Amino acid sequence: MKTTNIPYPIGFLMMLLPLFSACEKVIELDLDTQAKELVIDAAIDWEKGTSGAVQTIQLSYTQPYYSQEAPEGASGATILVGDDQGNLFPFTETQPGSYQNSDFTPALGRRYGLIIGHEGKEYVATDILKEVPELTQANITQTNDGGFTRDQIMLTLRFDVPAGEDNNFVLRIKASSDGVTRLYGFNDRYFPDGHFTTQILSRSNKKEEQFKAGDTVELTLFRVSETYMNYIRVLSNNATNNAGLLSIPNRAKGNIFYRANPKENPLGAFRVAQYSKVIYVIQ
């Protein structure tokens with residue numbers, strides 16, 4: 001064990017310790033408040049191998065920073081999604097802020113448009129539905145000597161897509177070890193040949209839950225647009241569980257626009273994505 005010389009007597013340091021402890025205080029900042037804003041969670045998600053008929057869009061309002069309450073649902077909106085083949089899918093409010101369509105027919109390669117009317121304002125967005133590669137247990141490899149300390153359980157996810165296409169993805173990770181959901185956006189910048197590889201480590205902090213035998217890790221891969229991928233990257237960097245050491249919070253700009261004035265765009269984004277999901281059990 002490395003040791004260093006201490007220039008002060010131990011007794012003197014012990015006398016100072018209670019003084020520093022007594023000064024510890026949790027300070028709650030009196031943050032400025034602003035008018036609540038509309039938040040649009042318009043995700044048309046189609047799990048590969050299913051019909052994708054039931055789709056839900058959520059509208060809510062922003063909450064004060066210290067609020068512990070669930071976001072308030074934004075009621076009274078009219079929501080319509082249509083594709084470039086002339087098919088229209090109206091969404092009906094089933095509970096405050098939750099709008100549903102039970103007859104949606106997703107189709108690969110089609111462009112979808114979103115129109116939302118709310119409190120006299122009209123919001124619009126478009127997105128294209130692209131095919132996602134199918135994930136299976138064969139796409140995952142486990143090793144037990146990962147990380148800087150070479151003692152962490154690490155999962156390696158590999159999948160292939162056609163090279164030369166516009167390949168953008170969002171990976172959602174739900175681990176039973178800590179119960180936290182994490183989102184990561186990435187593209188083919190470092191995988192121009194279409195062979196993707198990404199690694200998932202258990203938590204490196206010894207005080208936090210780490211992977212152990214019997215834990216489950218749910219991996220969900222979404223094929224998305226570049227705009228939506230960048231939107232998720234900003235959200236990911238802003239989130240406590242995802243943020244890096246030098247991350248600076250930024251307002252996440254989605255792809256939904258207020259038709260009359262783009263400077264008043266709402267929070268949130270519109271995606272039409274096929275996804276594939278696999279649940280891996282730690283060995």
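What you are looking at is a predicted structure, and each value in this text was computed from that prediction instead of being measured.
- Contact check for Val170 versus Leu221: no side-chain heavy atoms found under the 4.5 Å cut-off.
- At least one donor-acceptor pair closer than 3.5 Å links the side chain of Asp84 to the backbone N or O of Arg111.
- With 3.5 Å as the limit, one finds a donor-acceptor pair spanning the side chains of Arg223 and Asn167.
- Test Gln95, Glu93, His118 against Ser75 for side chain to side chain donor-acceptor pair (under 3.5 Å) and you get one pass: Glu93.
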Could you walk me through whether Leu201 and Ile153 pass side-chain contact (heavy atoms from CB on, under 4.5 Å), step by step? CA-CA 6 Å; Leu201 279 170; Ile153 292 177; over 6 Å; no

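- For the atom pair CG of Leu267 and CD1 of Ile40, the computed distance is 9.0 Å after rounding to the nearest 0.5 Å.
- Hydrophobic clustering, with ILVMFWY side chains joined whenever heavy atoms are under 4.5 angstrom apart, groups Ile79 together with Val272.
- One side chain, Asn144 or Gln142, offers a donor N or O that lies under 3.5 Å from an acceptor on the other.
- Residues Arg172 and Arg182 have side chains not in contact (no heavy-atom distance under 4.5 Å, counting atoms from C-beta outward).
- Looking at heavy atoms from C-beta onward, Arg110 lies out of side-chain contact with Leu129 at the 4.5 angstrom threshold.
- Figure legend: cation-pi geometry between Arg158 and Phe196 absent, as NZ or CZ is not positioned both under 6.0 Å from the six-membered ring centre and within 45° of its axis.
- Under the 3.5 Å distance criterion, the side-chain polar atoms of Thr62 are matched with a main-chain donor or acceptor of Glu37.
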Verdict with reasoning, Asp178 to Lys174, per salt bridge (charged side-chain N to carboxylate O under 4.0 Å, His left out): CA-CA 9 Å; Asp178 61 9; Lys174 292 183 179 180; over 6 Å; no

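- Looking only at side-chain heavy atoms (C-beta outward), Phe191 and Asp160 stay at 4.5 Å or farther from each other.
- Between Asp45 and Phe222, the closest side-chain pair of non-hydrogen atoms falls below 4.5 Å.
- At least one donor-acceptor pair closer than 3.5 Å links the side chain of Gln137 to the backbone N or O of Ile279.
- Taking every heavy atom of both residues into account, Glu264 and Lys121 meet most closely at OE1-NZ, 3.2 Å.
- You'll find the side chain of Val161 stays beyond 4.5 Å of the side chain of Asp188, heavy atoms only.
- Note that the NZ atom of Lys212 and the CD1 atom of Ile282 stand 10.0 Å from one another [nearest 0.5 Å].
- In this structure, the side chain of Gln152 does not engage the main chain of Thr149 through any donor-acceptor pair within 3.5 Å.
- Gln283 contributes no side-chain N or O that, together with a main-chain N or O of Ala213, makes up a donor-acceptor pair within less than 3.5 Å.
- A pairwise comparison of heavy atoms in Thr56 and Ser98 identifies CG2-OG, 3.5 Å as the closest pair.
- A distance of 7.0 Å separates CG in Asn255 from OG1 in Thr126, rounded to the nearest 0.5 Å.
- When all heavy atoms are compared, the tightest approach of Gly194 to Ala163 is N-CB, 4.2 Å.
- Scanning all heavy atoms of the two residues, the minimum distance from Phe159 to Pro133 falls at CD1-CG, 3.5 Å.
- In this structure Glu226 satisfies the salt bridge (charged side-chain N to carboxylate O under 4.0 Å, His left out) test with no other residue, sequence neighbours excluded.
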Given salt bridge (charged side-chain N to carboxylate O under 4.0 Å, His left out), test Glu165 with Lys130 step by step and report yes or no. CA-CA 11 Å; Glu165 294 187 2; Lys130 296 184 177 181; over 6 Å; no

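- With hydrogens and angles disregarded, a donor-acceptor distance shorter than 3.5 Å links the side chain of Asp83 to the backbone of Gly86.
- Summarising the geometry of Ile256 relative to Ala269, their closest heavy-atom pair is CD1-C, 3.5 Å, with the distance given to 0.1 Å.
- Val224 and Ile128 fall into different hydrophobic clusters, where Ile, Leu, Val, Met, Phe, Trp and Tyr side chains are chained together by heavy-atom contacts under 4.5 Å.
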Could you check Leu114 against Ile57 for side-chain contact (heavy atoms from CB on, under 4.5 Å), going step by step and ending with a plain yes or no? CA-CA 11 Å; Leu114 168 72; Ile57 291 175; 4.1 Å; yes

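- Atom OH of residue Tyr123 and atom CD1 of residue Ile116 lie 9.0 Å apart, to the nearest 0.5 angstrom.
- In this structure the side chain of Leu219 reaches within 4.5 angstrom of the side chain of Ile173, judged on heavy atoms.
- Between the Asn230 side chain and the Thr227 main chain, no donor and acceptor come within less than 3.5 Å of each other.
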Tell me, with the steps shown, if Asp103 and Asn101 meet side chain to side chain donor-acceptor pair (under 3.5 Å). CA-CA 6 Å; Asp103 299 303; Asn101 180 283; 5.5 Å; no

The test is side-chain contact (heavy atoms from CB on, under 4.5 Å); show your working for Leu80 and Phe89 and say whether it passes. CA-CA 6 Å; Leu80 184 68; Phe89 309 98; 5.7 Å; no

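- Ring pair Phe169/Tyr184: centre-to-centre distance not below 6.0 Å.
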Evaluate the criterion ring pair (Phe, Tyr, Trp, His ring centres under 6.0 Å) for residue pair Phe270 and Tyr231; output intermediate values, then yes/no. CA-CA 10 Å; Phe270 174 56; Tyr231 168 77; over 10 Å; no

Determine, step by step, whether Lys48 and Glu134 satisfy the salt bridge (charged side-chain N to carboxylate O under 4.0 Å, His left out) criterion, reporting the C-alpha distance in whole Å, the side-chain angles of both residues, the deciding distance to 0.1 Å, and the verdict. CA-CA 7 Å; Lys48 196 161 190 170; Glu134 184 172 1; 5.3 Å; no

Could you walk me through whether Gln274 and Glu47 pass side-chain contact (heavy atoms from CB on, under 4.5 Å), step by step? CA-CA 6 Å; Gln274 189 181 59; Glu47 183 174 8; over 6 Å; no

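- A search for ring-ring contact (aromatic ring centres under 6.0 Å, His included) contacts involving Tyr99 returns nothing, not counting sequence neighbours.
- When side chains are defined from C-beta on, Tyr280 counts as touching Leu155, because their heavy atoms get closer than 4.5 Å.
- Closest heavy-atom contact between Ala74 and Leu38: CB-CD1, 3.7 Å.
- Side-chain heavy atoms closer than 4.5 Å link hydrophobic residues (I, L, V, M, F, W, Y) into clusters, and following such links, possibly through other members, connects Ile140 to Val217.
- The CZ atom of Phe186 sits 9.5 Å away from atom CZ of Arg233, with the distance rounded to the nearest 0.5 Å.
- With hydrophobic clusters built from ILVMFWY side chains whose heavy atoms lie under 4.5 angstrom apart, Val281 does not share a cluster with Phe211.
- Ile232 and Trp46 are members of different hydrophobic clusters when ILVMFWY side chains are connected at heavy-atom separations under 4.5 Å.
- The CD1 atom of Ile115 sits 8.5 Å away from the CG atom of Leu88 when rounded to the nearest 0.5 Å.
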